[in-house]
Every structure is written in structure tokens, then in C-alpha cells.
Amino acid sequence: MDGTDTATGARIRATKEMSAPMTQGPEHSTGSGHASEDAAQPMEERVDNRSQRPDNEQFREFMASGWAAPEHTSTPRSEVAEFAAARRARLSRLFPGERLVIPAGAPKVRANDTDYRFRPHSAFAHLTGMGVDHEPEAVLVMEPTDEGSGDDRSGHVATLYFHPMAGRDSSEFYADAKNGEFWVGPRPTLEQLRDEFALPTEDLSGLETAVTKDAGNAALGGLSIRLVRDVDLNMDALVDTSRINTGVDLEQADAKDATLAEALSELRLVKDRYEVGELRKAVAATIRGFEDIVSVLPRAIGGERGERVVEGAFFSRARLEGNDLGYDTIAAAGNNATVLHWIRNNGSVTPGELILVDAGVEAESLYTADITRTLPVDGRYTDVQRRIYQAVLDAADAAFEVAVPGNRFRDVHAAAMEVLAARLAEWGLLPVTPEVSLSEAGQHHRRWMPHGTSHHLGLDVHDCAQAKRELYLDAVIEPGMVFTIEPGLYFKNEDLAIPEEYRGIGVRIEDDVLITEQGNENLSAALPRRPEDVESWIQGIWNRDENVGPSAGPAA
Ligand code: GLY
Ligand code: MN
Ligand code: MN
């Protein structure tokens, strides 16, 4: 089933309406029939090449009639609405007198008229409170007004522009694969999103004017626009065109846009109560996903692609309880665990080895967990595996100790590195003393731990990534921050600088940490971390799964 028999989507329509410079509509086609020009035939026409949808008046009338009236139920206000309003008010204070344009983005094309599942840009989700499915091609416009007379006594009035669901008497209903109810199911009306998120809503047709009116060079009395760029190409084109036409310095404008992106990242450094609640849900679902992984481990053994069995089990949980994965699962057995972002997951799972699983469920609200456990495939760590695992665990515990208000974010990494450098030296692997290794000119221990120990976590797995260095790495830790603690040691088969017994072992332990007034809370503490606890947890799951265990036989 494909979208052949459909009208073109809202994206193309929006582009034409806005007359943005990227427009490649039919009016630009010469239609002279030369092969080279045929090759440039616009996509909407090419899709029409395959259409067999009847288009006579009788058919249109028949399709438009005989449908039950839509049910009119009132939409309750979402609990996130008040939090999103407070976030917008904080943003407003940073950019008085400027128009802020925050697009949700459009669905990404996978091939031709087939798109990837839509996920809104995280800045849009944060400022509107909208989660899964909401809302392709929507744009939040924060219009400046007199300080104190805007929303929540801020200096801006926010409006959400989007393409609402059309009636069943429209051709969109059955002929638009991107928006039509026949194709994608019911979509929100203007009233529904207004009521649910407590935001004024307007049809997308008013967007061009809303974004460009009175815009221009601030020095000449024009209104300054700041845009979250690279999210919706139509919006980039519209704003750029407006800037060019009104004599705005493009370089300066780009810098202003970058500052907005930075501010939006920084706005998320401290999570509000709603966000912490959603992160707890994501973590709880992720923990259940890890239980599923242990359950299928016996089935993963022996087949050629046992890692896929593990990946699949977790994905199933992510879709069952959440929206999706927060990022591609890393299911890395044996030496694959030493590849930091091993997402190919096409290796086998062998008793006697470890399997490192780094996975996170993304909740319907789009907040994600990010958890790693390194499990013994047959339920018991060998001595050398345990030695390495314990070193990583000690490093993580040291990091937890310093992950408290008042310390700096970078102290967390430093604490973990001290433990690892000392342990590597004890094992005779460091060519220098731990002190030399820990010095700036040394860093030899990083051969086996080349990544950072922590990153902020939230709507994005690497949340707040555009925040300024002084507010991220060099920042003082504050209550409400949520970040990971994830030290590891990775000894590759190919590493000739270490004794053979270490080779082919990769261990990472990753937890999600909420900073509190008193210190911190390990949000993922319910998932066993200590080696003996991991072993008894695995055994408990296998016992529960009646007769299923490591000896249950190979994968089919
Ligand atoms: N899962 C990616 C990370 O741990 O940062
Ligand atoms: Mn992580
Ligand atoms: Mn991770």
C-alpha cells in the first residue's frame, strides 16, 4: 500500500502558498518533453504518474457524503500545559522585542512518498508540551508585545500554527496521504490543540504573514526575527527571503538564530517536575525492557545474529510502553562491546562472553532514558570480567559521590577517571603512573575509556547539547539537572598493549541521575548494578521463565 492515489501533501501546498524560493512547483516546469527536463519533473507530478484515483465529480460527491459527523468531545487540558507556558515565559525574558519562530519540522522522506515516523523537534516539544505525533509542519510563533502584557505577564504572545484536520466532506479526507483522515487517522482540530495545550491556534495559511509582517532591519525600525534553523526548510527559506528583502544583515541574523538555539538548549538544563516525572516513566519502561532482554538471552545464544534477538526484545518493549527508542539500541556481545556505538547488532551471542546493552525507551512525551548494563551471557561473570566490571562500578560510584549541587559537571568525569587510572595502573596496563596519566599531558588511561562520563538527558538523549561550555562542562551542578553517569573500559581483541586475558571485553555501566537539594537520586537504581546482584537478577528471571535458561538451546 502506498500513497500513489493521493493529492500532494501539505508541505508542497505550504511551499507554494508561501512563495518561498525553494519552490519547485509545476509552474516552474517547462513541460517541453525533453528527457533532461523530464528528469527534473517535480515529485508531486511523478507521484501523480502512478495515480489511478478516480477524479470525476460524481465520485467526489459520493466520497464526500454519507459519513457520520465527527464526535464533538471536549479535550481536557494536559498537565504539561502550565509547565510549557512557564518555559515560554522564561524564553520570552531572554529576547524582549523580538519575534521567535520555533518550527516542529516536517516528516523526513524515507523514499518517494514514504516518510519516517514523525517526531517534532525537541525545542518545539519543550515549548509547547506536545509529544508523539504533534504536529507535522506546525510552527510556534512568539510575538513580542509590551513587557509584562504578554502570556503569563511575559513580553510575548504565543500562537501555534498548524494544518488542522479537514472535514470528511473534503478531498483531503480520502486523497491526501500525509494529512487525510482516511490515510493517517484522525488528526487534531484547531480547537483540540488549543484546549489541550492552552495555546491559541491558527491555520497554517496565516503563517507567512505572522512570521514576516513588519520584519526587517532592527536599526531601521524593522522587527527582528529569531528562527530555530535547520528544522523546517520552508521556514528557513521564508525567513531568509524576508531578511534579504528587508535589508537584514544575514551574518548577524545567523548569529542571532544560533543564540536562540543555544538559549533553548540551556533552558532545558534544569528539568521541571513534569519532565522529571516523564523521565521516571521512561526509566521504568527501560528497566522492564532490560528484563525482557534477560528473558530472551537463552534464545539469543547460538544463532548467527543473537544480538538482533536482544535488540528486538527491547524494541518491542519500547513500542509497547513508549513512543519509540530514544536512540538505536547497542546490543554488543564479546569484542563488539568495545565498539562504542555498535548499532549493527548482527553478531552472535556466546556463553562465557559479556553482552553490553545500551538502550532507552522514549516515552510518549518524548523524554528518554539512557541505560547500559553489561551482562554475563550465561549468568556468571568470569574472574577477569568481574575484575573489570568492578573497576567500572567503582568509577561510577566515585562519580555519584561528586555529582552533587555545588560541584562542577566536569568533576564527575574526573572522579571516574581517577578510579580507572588507578585500577589500570594496578593491573600493570598503564605505561606511566596514574598521576602522569591523569595530567593533561598524559591521559594514557583514555586509550581504554575514550568517551565522556556524563551527558545531560531529557527530550534528547544528549540533551542540551548546544549549551555554552560554561553552562555545561564548566557548570556548577544544580538540583533538577538530570544526566548520565556512564564510565566504561574497552579492551579490544586487537589491542596488543594489554595481556590476552583482557582482550575482547568491553564493560559500561550507565545510570540516569537526578540532582536533588541533598545530593542525587539514581533514577535507574532499580536495575541491578553490582555484579552479584546482576547475577541473581538474571537467575531470578530465568527461574521465573520456567524451564528457560542458558541451556534451553540455540536460537531458531
Ligand atoms: N546511548 C548513547 C550514550 O550513552 O550516550
Ligand atoms: Mn549516555
Ligand atoms: Mn547510553
Side-chain angles (χ1 to χ4, degrees), residues 119 122 265 268-269 271 275 279-280 282-290 293 307 310-311 313-315 317-318 322-333 336-345 354-363 366-375 389 392-393 395-397 399-400 403 409-410 412-413 415-417 420 446 448-467 472-473 477 481-490 506-515 520 522-529 534:
R119 183 191 190 277
S122 295
S265 235
R268 307 201 322 245
L269 282 164
K271 270 57 184 178
E275 295 181 288
L279 283 162
R280 285 186 195 282
V283 166
T286 300
I287 290 175
R288 286 188 280 276
F290 272 88
I293 286 167
E307 290 173 349
V310 169
E311 178 191 327
F314 190 83
F315 182 63
R317 177 64 61 176
N323 173 48
D324 205 336
L325 302 168
Y327 53 91
D328 285 323
T329 297
I330 296 168
N336 290 342
T338 68
V339 179
L340 298 180
H341 282 172
W342 177 257
I343 57 171
R344 215 170 287 152
N345 301 343
L354 299 177
I355 180 163
L356 181 159
V357 184
D358 182 340
V361 172
E362 178 187 78
L366 308 180
Y367 287 83
T368 188
D370 179 11
I371 299 179
T372 307
R373 288 294 181 266
T374 308
L375 313 171
Y389 188 99
V392 174
L393 186 61
D397 287 346
F400 268 91
F409 188 77
R410 57 168 60 261
V412 179
H413 177 66
M417 291 310 96
L420 292 184
R446 296 298 295 278
W448 299 287
M449 162 57 185
H451 60 78
T453 301
S454 295
H455 57 80
H456 281 264
L457 183 70
L459 282 164
D460 294 334
V461 62
H462 295 167
D463 213 36
C464 315
Q466 292 176 69
Y472 199 112
L473 262 187
I477 294 171
M481 286 181 168
V482 176
F483 51 78
T484 64
I485 289 183
E486 51 175 309
L489 282 173
Y490 310 92
V507 174
R508 177 162 67 255
I509 305 169
E510 177 173 24
D511 285 283
D512 301 340
V513 186
L514 167 68
I515 303 304
N520 65 53
N522 181 359
L523 297 176
S524 41
L527 195 57
R529 301 167 74 240
V534 173

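Both counts, for ligands and for their atoms, begin at 1 and track the order of listing.
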* Sort by chain and number the protein N/O/S atoms that are closer than 2.8 Å to the Mn ion (ligand 3), and list them. =>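 Per the 2.8 Å query on the Mn ion (ligand 3), atoms found are D358 OD1, D358 OD2, D370 OD1, E510 OE1.
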* Structure fact -> Residue set satisfying side chain to side chain contact (heavy atoms under 4.5 Å, CB included) with N522, at least two apart, ordered chain then number -> F400, D511, S524, A525, R529
* Asked: Who pairs with Y490 by side chain to side chain contact (heavy atoms under 4.5 Å, CB included), at least two apart in sequence or on another chain?
  -> T338, L340, L356, M449, P450, H451, R508
* Hey, are S265 and Q466 close enough side-chain-wise for a donor-acceptor pair under 3.5 Å? -> no
* Asked: Got a salt bridge between R268 and D460, using NZ or NE/NH1/NH2 to carboxylate O under 4.0 Å?
  -> yes
* Only one of R280, E362, E275 passes side chain to side chain contact (heavy atoms under 4.5 Å, CB included) with Y367; say which it is. =>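 Checked R280, E362, E275 against Y367; only one passes side chain to side chain contact (heavy atoms under 4.5 Å, CB included): E275.
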* So with a 6.0 Å cut-off around CZ of R344, is the heavy-atom count from everything else above 12? -> no
* To do: For R317 and A285, indicate whether the former's side chain and the latter's backbone hold a donor-acceptor pair under 3.5 Å.
  => no
* To do: Indicate yes or no for a side-chain donor-acceptor contact from H455 to the backbone of V461 under 3.5 Å, with no hydrogens or angles considered.
  =>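 Answer holds: yes.
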* Asked: Near ligand 1, which residues have a heavy atom under 4.0 Å away from one of its atoms?
  ->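 These residues qualify: Y327, D358, D370, H455, H462, E486, E510.
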* Structure fact -> the Mn ion (ligand 2) has as its nearest N, O or S atom from H455 the atom NE2
* If the plane angle is over 60° it's perpendicular, under 30° parallel, otherwise tilted; pick one for F409 and H456. =>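 Because their plane-to-plane angle is under 30°, the rings of F409 and H456 count as parallel.
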* Asked: Is there side-chain contact between I343 and Y327, with heavy atoms separated by less than 4.5 Å?
  -> no
